[in-house]
A.B. asks: 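Below is one structure. I have some questions about it.
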Amino acid sequence: MKKVLLYIEDEFCDESLGLLEVSRKLYPSDEIKTYAIAINQKKHSCINGLCDVIFSLNDEDIKTYDQKAISDILSNLQSQFSFDAILFLATHMGRCIAPSLAMKLNTGIVADVTAISNENGEISLIRPAYSGKIMAGINIVGQGPIMMSVRSGIFSFEDYKKVDTKLIELKNIAHRLGNIKIKNIENKKIPYDIRKSDVLVSGGAGCTDLENLNGLAKLLNAHVSASRAVVDKGLVSRAIQVGQSGKTVSPSLYMAFGIHGALQHVEGLKDILNIISINTNKNAPICSISDIVVEGDAVLFLKKLIKRIEKGYQNDC
Amino acid sequence: MHIVCVIKFVPDVDNFSYNYETHTISRNDSQMLINPDDACALGFALKMKKKDPQSFIEVVSMAPSSITSQLENILRVGFDKATLISDSLYAGSDTYVTSKILSKYLDKIDYDCILSGTHSIDGDTSHVPSQIAQCLNLDHLNSIYQIEEDTFNNSSAVVTVENEKSSITYEIGLPAVLSLSRESSYRLPYVRYKNLNLDVSDKLNIISNKDLCFSAEEVGLKGSLTKVKNTHVKTYETRDKKIVASDDNGVEVVYNFLKDKGFI
């Protein structure tokens, strides 16, 4: 039997469920016991009933941004339970705590894993490097445990049976305390980063219908981005601008609605797997780098496509 | 104040050579540059040096000896000391080993604050700063885009970090490891014309495994706890541009494309 510890962050609880799928990919032919650790979380609703054990630790003095405290606590759990693998989501905090813990445990770690292979028990963790130009398969050697941070949204969590989750309250675990305190928190107006989006629905001068762009984005589990023309009109924040004066994006799907595709915009498109462009001018520069070009009014097409996808969902149900 | 900047030289990602036999980067051949996030750390340190000329700034880097001339150029911008940690035994070290090596040197010197970058443009694991902090029993914050200059002293720093959902301002006790991101406004200035040929050899400190005394099994590829098994270059098909009209058929083509590719 393999024992896997999942580090669950309150803010990314739903995304963390993908770590259950990662456990299954790591050990496809073993029985797996999954343990989740939840620090200072009022409810563990998203993972409750899906993993075998939840370690719940409630102590106001322990801050999740304190790498000293968290790495000590996790390291103590490791010495008690000898997990075969410890998994983190590759979030801002996950990517800080994971390497810190790996160093404490003297084990190898792989960051930002996007795929896993297990060939006759040999586990390879696959990750992009060199701005995504190279994919590397990496093995962890030594005593273990296997540690990694996993790119969010890649491993999807499906068809799991509900299990009886045992709740274990953790108390009196020895740990250091860091000397860091929060002075101020400001929430971002745009809660996502288009550089990290897997699917982008992008609007240009020919399509400023934000309501429907958002509608399509919701259906595709995507984010909305925009060209400079839309930003300069003051319709959206510069934070979601694609292009040389905006951000460089690498989603797997980029849908360009009414975007001409001047060089400054195309400069912001890097290593995109699929591009669909909708434009009244089929010879616009964006069209020459597209897989599918829809010739016509972008706003009208956007509305039609939303209807079609909604109908598809109804038929599937 | 004694500030140490730990920096990395990285291959130009648009133009680098990778050895597919050994799965290592041919750092000797590729055009190397200062990792952009790390350059922000240098820029901030220099700004502090301008405010307080008594400050001492040391730049530390683990790299092949071919990087010496680039380190000399950094010294010419106005740093007090540069330490190059270089040994053929260290080639192929993963992040775990690299952090051990750097920490062993850092443990020997005095500092009030260690600055670094957050992400590197080559490997982009962000492991080393966290791991150095763990080895040296220091606090660490990354993705810092602002450090309050007026309150920065040898006992604490006020820094602002950007994460997925918010900007958070922390007060952190020093010494600590502070990792900057290129979203910050700190930049490394160019060498002034009159200093282009300045002799900086007395400020350059080159150390090897003779000084750090690791066994050959502990470092390099041998000591690494992660091994690159295989690599492949990500390739993209040439675009098979398909033109459709904005009618029901066009909608169907796009719908099926999205469905086939798993986006719906």
Side-chain angles (χ1 to χ4, degrees), chain A residues 11 67-68 71 91-92 95-96 99-100 102-104 107-111 124 129-142 178-188 191 193 199 220 253 271 273-274 276 282 289-297 300-301 304-305 308-309 312, chain B residues 13 16 18 23 94-96 99 121-127 130-131 133-135 137 139-143 158 163-173 224-234 236 239-246 250-255 257-259 261 263-264:
Chain A
E11 281 180 300
Q67 293 174 38
K68 281 185 184 172
S71 64
T91 58
H92 169 75
R95 289 188 66 171
C96 290
S100 170
M103 179 51 83
K104 198 169 170 68
T107 186
I109 174 165
V110 181
S124 285
Y130 289 90
S131 307
K133 286 199 181 73
I134 282 183
M135 299 302 286
I138 298 170
N139 300 353
I140 291 180
V141 293
N179 184 8
I180 313 177
K181 54 176 188 264
I182 290 185
K183 291 192 76 175
N184 186 39
I185 300 180
E186 231 171 88
N187 289 327
K188 281 189 202 169
D193 182 348
V199 180
L220 296 176
L253 171 66
D271 303 342
L273 281 173
N274 305 291
I276 300 175
K282 69 177 178 196
I289 58 163
S290 302
D291 301 277
I292 299 180
V293 175
V294 178
E295 190 183 8
D297 184 275
L300 290 177
F301 183 80
K304 281 187 197 168
L305 184 63
R308 178 62 188 90
I309 294 172
Chain B
V13 289
F16 69 96
Y18 188 89
H23 302 300
D94 69 352
T95 55
Y96 171 82
S99 304
I121 58 172
D122 54 351
D124 192 14
T125 66
S126 300
H127 286 168
S130 291
Q131 299 199 314
Q134 181 68 263
C135 286
N137 190 23
D139 285 319
H140 171 236
L141 286 171
N142 75 3
S143 304
V158 174
N163 68 19
E164 292 90 346
K165 292 180 176 166
S166 46
S167 287
I168 307 180
T169 304
Y170 296 97
E171 184 173 348
I172 179 167
S224 295
L225 296 175
T226 52
K227 308 265 185 227
V228 178
K229 190 193 171 201
N230 50 45
T231 49
H232 63 269
V233 176
K234 217 166 151 184
Y236 299 94
R239 300 281 146 118
D240 190 19
K241 171 170 133 184
K242 184 173 184 179
I243 302 174
V244 296
S246 164
V251 171
E252 214 53 36
V253 168
V254 172
Y255 178 76
F257 181 88
L258 294 175
K259 201 157 182 179
K261 300 268 181 184
F263 293 111
I264 302 178

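Reminder, nothing fancy here: chain letters follow the sequence lines and each chain counts from 1. The shown structure was predicted, so the numbers you read here are calculated from the model rather than taken from an experiment.
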A.B. asks: Measuring from B:Ile264:CD1 to A:Leu220:CG, what's the distance to the nearest 0.5 Å?
C.D. replies: 6.0 Å
A.B. asks: I'd like to verify something: which residue of A:Asp193, A:Leu253, A:Asn187 has the highest number of heavy-atom pairs under 4.5 Å with chain B?
C.D. replies: A:Leu253
A.B. asks: Could you tell me if the side chain of A:Ile109 sits less than 4.5 Å from the side chain of A:Met103, heavy atoms only?
C.D. replies: no
A.B. asks: Kindly give the heavy-atom pair with the smallest separation between A:Val110 and A:Ile138, and that separation in Å.
C.D. replies: CG2-CG2, 3.7 Å
A.B. asks: Count the heavy-atom pairs under 4.5 Å between each of B:Gly173, B:Ser224, B:Ser99, B:Ser130 and chain A, then report the option with the highest count.
C.D. replies: B:Ser130
A.B. asks: Return the option, out of A:Cys96, A:Ala111, A:Pro99, with the maximum number of heavy-atom pairs under 4.5 Å with chain B.
C.D. replies: A:Pro99
A.B. asks: Assess whether atom NZ of B:Lys227 is packed by more than 12 heavy atoms of other residues, nucleotides or ligands within 6.0 Å.
C.D. replies: yes
A.B. asks: At a heavy-atom separation under 4.5 Å, does B:Asp94 approach chain A through its side chain, its backbone, both, or neither?
C.D. replies: neither
A.B. asks: Who among A:Leu300, A:Val294, A:Val293 has the most heavy-atom pairs with chain B under 4.5 Å?
C.D. replies: A:Val293
A.B. asks: In terms of heavy-atom pairs under 4.5 Å, which option from B:Ile168, B:Leu258, B:Val244, B:Ile172 contacts chain A the most?
C.D. replies: B:Val244
A.B. asks: For each of B:Ile243, B:Asp139, B:Val158, B:Asn230, tally heavy-atom pairs with chain A at distances under 4.5 Å, and name the one with the top tally.
C.D. replies: B:Asp139
A.B. asks: Counting heavy-atom pairs under 4.5 Å with chain B, which one of A:Ala102, A:Gly178, A:Gly142 comes out on top?
C.D. replies: A:Gly178
A.B. asks: Please examine the side chains of A:Lys68 and B:Asn137, heavy atoms only from C-beta on, and report whether any two atoms are closer than 4.5 Å.
C.D. replies: yes
A.B. asks: Using a distance-only test with no angle check, is there a side-chain donor-acceptor pair under 3.5 angstrom linking B:Gln134 and A:Ser100?
C.D. replies: yes
